[in-house]
Amino acid sequence: MDASSDAGDRPWQSYHTVYTNAKAGMEGVDKEKVQRTVYEMSKGSKFFENEQKKEAFIQKKIENIRSRSTLLTEADISHFQMIADKKVIELEASRVLTRTWLHVDMDAFYAAVETLENPSLKCKPMAVGGLSMISTANYEARKFGVRAAMPGFIAKKLCPDLIFVPTDFKKYTHYSTLTRKVFEKYDPYFMATSLDEAYLDITDVCRDRRVTSEEIAEELRAAVYEETGLTCSAGVGPNRMLAKVCSDINKPNGQFVLQNDRMAVMTFISSLPIRKIGGIGKVTEHMLRDGLGIYTCEEMLQKSAYICALFSSCAADFFLSVGLGLGKTETPELSMRKSISTERTFPAIEDDTLILQKLEEIAENLSNDMNREGLTGRTLTLKVKTASFEVRSRAVTLQRYICSKEDILTHASKLLKSELPLSLRLIGLRMSQFGNEKLGPVDPTQRTLKNFIKSGDASSKAADGDNSIQPTISNNSSLNESKNSGWIYSPDASPCKNGDACDFDLGHLLVDNGRHDFPCHGPCEMNDSCRSSQCKEGAAERNGDNSVPRTQTSMEALEMRDTEASSSLEQLKEGIDSNIEETRVSDDKQQVLSNQDEQSIWINDYKCSVCGFELPPCFIEERQYHSDCHLAERLQESLKQVTPDLLQKHRFTPKGSARKRQKSAPKASSHRTIDLFFMKGKQNISE
DNA sequence: CGAGCTTAGCGTT
DNA sequence: GGATGAACGCTAAGCTCG
């Protein structure tokens with residue numbers, strides 16, 4: 001249906017890409033011509049066809065929004081209006097106008113760096129990237145409609161004289177470091193969001209030096225130029241969302257200040273197109289515009305009832321806060337990496353052997369990256385893009401943490417083989433659900449077995465499912481051969497129906513390797529809200545009560561649970577403690593494991609002194625589990641003597657059930673995979 | 001019913 | 001002449017399992 005209208009006089013008008021919308025430096029560009037060229041160059045390609053499919057799907061979603069909105073009765077609308085009004089009141093109450101944020105954005109950063117190092121590029125249209133993709137274009141090139149994220153061959157068509165310069169991250173990192181040295185002087189806890197962007201809370205520096213935010217912005221930009229020879233733009237506002245919008249207003253080499261005043265904010269936001277807001281991209285813009293007739297931020301509030309009726313609560317909160325000009329004002333806590341991935345695009349290949357060869361390379365890359373950061377993970381996700389640009393992902397969650405190339409490849413191959421035959425143009429692997437990293441960060445909410453017992457958390461309830469680990473080293477064939485079967489604690493026993501009695505959950509423990517800092521080696525390159533632990537503490541202090549880092553709140557929660565412990569559980573804990581002491585004194589062959597003992601348990605750094613099991617030093621995590629399990633065994637012995645009836649509820653189970661789970665889990669998921677494909681196929685046919 | 005898992009998709013640089 | 005990236009974080013929805 002849509003195709004008929006698209007196929008009219010100007011079919012290119014309905015072909016939207018991420019790079020056809022307006023951006024700084026694009027004023028005065030013949031948009032119609034650009035759009036037509038992009039369309040002509042793309043038309044008929046596999047990429048284009050896929051885009052059309054995606055576009056049709058979005059159109060369906062829009063239709064869905066429209067029809068659902070027309071179906072709302074007056075009663076529905078007044079109901080949702082009430083919900084919306086309540087949300088707005090709550091959001092308004094959360095408005096903070098006491099902080100001043102500055103967003104810095106380097107002007108055409110990569111291109112500017114290249115020009116700095118090669119002045120002959122000055123005043124010539126230039127793009128960093130290649131014929132397949134452009135990272136950044138300088139302002140000369142932007143006059144032709146050339147933009148970041150645009151394929152180079154289209155850019156060349158728009159601007160035949162365009163010069164291509166290959167990307168060189170080393171250079172950009174160097175200059176990024178220089179800019180950050182400047183940022184640090186204005187806010188030691190500044191948030192870098194990429195190599196060329198950062199948020200600074202300049203409240204304190206303005207107050208201490210008794211200067212306006214405008215003066216700080218001027219000074220900072222001059223300092224950045226002084227330090228690097230590069231220009232940047234700045235935006236100032238009462239929160240980060242607004243500051244980011246402001247930094248785009250007078251780009252390049254300019255700035256814009258929005259006063260910390262509610263009226264000023266509301267006026268500013270009223271006519272602001274929604275697409276200017278970070279987080280609202282092509283699809284959301286279309287859905288709001290074509291589905292609900294929302295073009296500006298102000299209209300978010302005018303149509304608040306519809307927003308609450310048609311979107312999730314979370315999305316509605318976001319949209320309404322946009323309408324109110326609200327954004328984040330606190331310095332966020334240290335955030336840890338949640339996944340690590342690597343992917344490669346190549347000319348489409350069909351040969352299974354070649355495909356698996358590619359996979360091996362990617363597995364090796366991922367393994368190297370993980371080892372570099374000391375990460376281990378248990379969820380492995382395979383991503384493939386077919387020759388027709390269809391993207392699929394397939395994941396497995398393992399019962400142990402892996403990081404070696406061999407392990408990754410083993411599981412990735414299984415995932416991939418079940419998809420073949422295919423013609424692929426991209427393969428990617430992502431690891432998530434990190435575990436007890438060898439060197440990297442440990443979830444600070446998790447504690448060592450020893451600390452857990454000492455602090456009295458043995459009395460706490462089962463909680464924090466996110467952090468529960470289900471280690472079974474028996475996946476490893478060499479370990480399977482071990483005669484020692486007592487030290488695996490099973491995930492099968494973990495979910496406890498009897499919540500309150502669930503007070504000794506080994507599955508929720510994580511080995512503490514003693515490192516909590518974000519592994520930041522020099523300047524972080526991607527998405528780095530990188531801070532040292534000192535910075536984190538500083539940020540917490542500054543933020544006041546509302547924004548204590550997650551680490552601390554979780555710990556507080558744990559303390560709370562401590563105090564809530566019942567007297568019998570207190571007794572249990574005391575029993576454990578005293579029994580540990582007893583064991584320590586009485587049993588000289590089988591040591592109770594303290595931090596120091598965790599090392600000394602290994603005879604010749606190889607053989608377990610308790611059970612004789614041999615595990616080389618490189619199996620850091622496995623050894624940690626191993627020693628913890630011995631401790632768990634000890635505890636169980638102790639518990640038997642303390643409260644035999646309570647012990648029944650504890651979940652320290654033999655190996656058998658773990659094995660059962662290993663067998664069944666992957667099967668179940670692969671079945672579902674097939675089912676999904678089947679369903680998908682059927683859907684396509686019916687469409 | 002809730003937690004955990006899987007898959008897909010959006011947005012950002 | 002052909003040719004449209006990489007690496008994250010986040011959310012929604014659907015499913016399974018206990």
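Order of the sequence lines fixes the chain letters, A, B, ..., with proteins taken first and strands second; residue numbering starts at 1 for each chain.
Residue contacts for A/Glu197: at a heavy-atom cut-off of 4.0 Å it reaches the sugar-phosphate backbone alone, with no base atom in range. Heavy atoms of A/Ile277 sit under 4.0 angstrom from primed sugar atoms or phosphate atoms, though from no base atom. Nucleic acid contact for A/Lys282: sugar-phosphate only, since backbone atoms but no base atoms lie under 4.0 Å from a heavy atom of the residue. Residue A/Lys383 is out of contact with every strand shown, counting any heavy-atom pair closer than 4.0 Å. Using a 4.0 Å heavy-atom distance criterion, A/Gly428 is classed as making no nucleic acid contact. A/Ala148 comes within 4.0 angstrom of no nucleic acid atom, judged by non-hydrogen atoms across all strands. Note on A/Leu426: only backbone sugar-phosphate atoms sit closer than 4.0 angstrom, heavy atoms only; bases stay farther off.
The NZ-P distance, from A/Lys43 to C/dG2, rounds to 14 Å in whole Å. Note: CD (A/Gln433) to C1' (B/dA3) measures 12 Å, nearest angstrom. Here the P atom of nucleotide B/dG9 and the CD atom of A/Gln59 are 16 Å apart, to the nearest Å. Here the P atom of nucleotide C/dA3 and the NZ atom of A/Lys385 are 14 Å apart, to the nearest Å. When rounded to the nearest whole Å, the span between CZ of A/Phe57 and P of B/dC10 equals 8 Å. If you measure from atom CD1 of A/Ile362 to atom P of C/dG5, you get 14 Å, rounded to the nearest angstrom. A/Phe153 has its CZ atom 11 Å from the P atom of C/dG2, to the nearest Å. As a whole-Å value, the separation of A/Leu382 CG from B/dA8 P is 11 Å.
The pair A/Glu49-A/Lys46 does not meet the salt-bridge criterion, since no charged nitrogen lies less than 4.0 angstrom from a carboxylate oxygen. Under 4.0 Å is where a charged nitrogen must lie from a carboxylate oxygen, and between A/Lys244 and A/Glu197 at least one such pair does. Salt bridge A/Arg392/A/Glu419: present, at least one basic N to carboxylate O contact under 4.0 Å.
In terms of position along DNA chain B, the nucleotide closest to A/Leu415 lies nearer the 5' end than the nucleotide closest to the other residue of the pair A/Leu415 and A/Asp105. Sequence order on DNA chain C of the closest nucleotides to A/Ser45 and A/Asp369 puts A/Ser45 first from the 5' end. Map A/Ser313 and A/Arg430 each onto its nearest nucleotide of DNA chain C; the residue landing nearer the 5' end is A/Arg430.
Each of C/dA7, B/dA8, C/dG5 was ranked by its minimum atom distance to the side chain of A/Glu343; first place goes to C/dA7. Across C/dG9, B/dT6, B/dC10, the shortest atom-to-atom separation from the side chain of A/Thr379 is found for B/dT6. Distances were taken from every side-chain heavy atom of A/Lys244 (C-beta onward) to each of B/dC10, B/dT13, B/dT6; the shortest belongs to B/dT13. Proximity note for A/Thr342 (side chain, C-beta onward) versus B/dT7, C/dA7, C/dC8: the nearest is C/dA7. The side chain of A/Ile340 sits closest to C/dC8 out of C/dC8, B/dA8, C/dA3. Closest approach to the A/Lys61 side chain among B/dC10, C/dA7, B/dT6 is made by B/dC10 (side chain taken as heavy atoms from C-beta onward). Counting only heavy atoms from C-beta on, A/Ala395 has its side chain closest to B/dT6 among B/dT13, B/dT6, B/dA8.
Within the 4.5 Å cutoff, the side chain of A/Tyr110 has no heavy atoms near those of the A/Val165 side chain.
Between A/Ser135 and B/dT13 there is no side-chain N or O to OP1 or OP2 distance below 4.0 Å. The phosphate of C/dA6 (OP1 or OP2) has a side-chain N or O of A/Thr345 nearer than 4.0 angstrom. At least one side-chain nitrogen or oxygen of A/Ser341 sits closer than 4.0 Å to the OP1 or OP2 atom of C/dC8. Residue A/Ser339 places at least one side-chain N or O under 4.0 Å from the OP1 or OP2 atom of C/dG9. Dashed line: the shortest gap from a side-chain N or O of A/Thr284 to OP1 or OP2 of B/dC10 is not under 4.0 Å. Between A/Lys338 and C/dC10 there is a side-chain polar atom (N or O) within less than 4.0 angstrom of OP1 or OP2.
Classification of the A/Tyr199-A/His103 ring pair by plane angle, with boundaries at 30° and 60°, yields tilted.
Residue pairs meeting the ring pair (Phe, Tyr, Trp, His ring centres under 6.0 Å) criterion with at least one member in residues 374-395 of chain A, sequence neighbours excluded: A/Phe47-A/Phe389.
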message = Run the side-chain contact (heavy atoms from CB on, under 4.5 Å) test on A/Leu195 and A/Phe169 for me, step by step, so that the C-alpha distance in whole Å, both residues' side-chain angles and the decisive distance to 0.1 Å come before the verdict.
response = CA-CA 9 Å; A/Leu195 284 179; A/Phe169 278 97; 4.0 Å; yes
